[in-house]
Amino acid sequence: MKPTVDTDICLERCLRSLAIRTQRAFTLIELLVVIAIIAILAAMLLPALGKAKIKAQAISCMSNGKQMGLAYLMYANDNNDYAMEPFEWCGGSVAAVPDAVSENVVKTSATYPYLSSVKVFHCPTDNSGLVYQGKIQLRNRSYSQNAQIGKASLYAQVNIGNGTYREVIKLSGLTRPGPSDIFLFIDEHENSINDSHFYAFRDMSKYTGEKWLDAPSGRHGNATGFTFADGHAEIHKWQDSDLHKVQISGGVVTPNSHSSFLPVPGPKDHAWFTNHTGAFK
Ligand SMILES: [Zn+2]
């Protein structure tokens, strides 16, 4: 059947209307809806990405700790089971330049020949640096050694004298608890790190609400990288302490003013720390 003229005109109008509809731009409302959906999706994804980043950095920190621990144990193995004290492990101070930023200081570590890498001495989350030769330079070391291992310093002797711990000159002396429960290295807080001697409390025999003298870092989500005396490394999450807060400006540490802020641990964290610090008498 032959179409009428009216049908032709109607068909033509419909096609034109459809063409106009398919060519027109998005309205403002439509764009806002799309932007809102993207924002919701991003908000859902960002925390997951943040968590993945924290986890990746923690794994890298544990890898550093494991390598430092194995080098320490290899040194002991080659030296009649001798347990180095902190200053033998690594000299210098990261509280002032030039020692704080010089790679050569780290290279003098007795364990360096077993490592041949300066990077393992630095936690990937440690952004603290000092101004040297006109620019901010990252510290060369983020970790310190447990002062209750090796020949006791005057500080460490306090907790030997008060009957808490024994002096440990040889690694075989790490009993009660065993080496898997006594830490060797700790990822130290930006506000307290100076020399490599980590000494947390004057009196570790009881909880007194004393501030940390040397504090663990909170850089891994209020958690700290530890290396234990059997060579394993782990990230320990704190329960009743806030170690997030860092008092440095723009990543820059003012030489020797690091201890202006140090937090107080809660009793649970104090107990965990003192139970993993030395060989009990
Ligand atoms: Zn770390």
Side-chain angles (χ1 to χ4, degrees), residues 49-73 86 89-90 92-95 100-101 103 105-106 109 111-112 114-115 117-130 136-147 149 180-200 212-239 241-248 251-253 258-259 261-263 265 269 272-273 276-277:
L49 287 174
K51 276 184 189 166
K53 190 180 176 190
I54 288 172
K55 202 168 183 180
Q57 287 172 329
I59 289 168
S60 177
C61 183
M62 283 191 285
S63 169
N64 287 346
K66 192 160 178 64
Q67 290 178 70
M68 290 190 306
L70 290 176
Y72 186 96
L73 297 178
W89 169 66
C90 194
S93 167
V94 293
V101 299
E103 284 190 349
V105 172
V106 170
S109 165
T111 60
Y112 189 74
Y114 300 89
L115 292 163
S117 165
V118 293
K119 285 187 180 168
V120 299
F121 292 85
H122 191 265
C123 170
T125 60
D126 182 2
N127 296 318
S128 64
L130 286 90
I136 302 169
Q137 299 190 32
L138 289 179
R139 285 164 153 164
N140 52 22
R141 177 172 54 80
S142 313
Y143 307 97
S144 296
Q145 189 193 314
N146 182 354
I149 294 184
S180 62
D181 282 316
I182 299 179
F183 81 88
L184 196 50
F185 299 114
I186 183 168
D187 198 3
E188 189 169 347
H189 200 285
E190 292 92 323
N191 293 353
S192 75
I193 193 165
N194 44 18
D195 56 34
S196 59
H197 176 275
F198 191 94
Y199 182 77
W212 296 95
L213 292 172
D214 285 327
S217 85
R219 291 190 292 261
H220 298 288
N222 204 32
T224 303
F226 279 94
T227 308
F228 288 83
D230 65 343
H232 90 275
E234 63 182 55
I235 300 288
H236 176 74
K237 181 101 177 157
W238 300 103
Q239 290 185 57
S241 304
D242 182 6
L243 291 155
H244 279 111
K245 201 175 169 190
V246 176
Q247 200 171 58
I248 51 177
V252 178
V253 177
H258 51 276
S259 59
F261 162 78
L262 285 172
D269 291 339
W272 186 90
F273 185 86
H276 293 85
T277 299

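Owing to the predicted nature of the structure, the values given are computational and were not obtained by experimental measurement. Numbering of ligands and ligand atoms starts at 1, following listing order.
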N, O or S atom of Asp187 closer to the Zn ion (ligand 1) than 2.8 Å: yes

Under 3.5 Å donor-acceptor, Thr224 side chain and His236 backbone: no

Name, closest N/O/S atom of His220 to the Zn ion (ligand 1): NE2

Aromatic ring proximity Phe183/Phe226, centre distance under 6.0 Å: yes

Parallel, tilted or perpendicular, as decided by the 30° and 60° cut-offs, for the rings of Phe273 and Trp238: tilted

Geometry at the Zn ion (ligand 1) - Cys123 SG versus Cys61 SG angle, rounded to 10 degrees: 120°

Cationic N near anionic O, under 4.0 Å, Arg219 to Asp187: yes

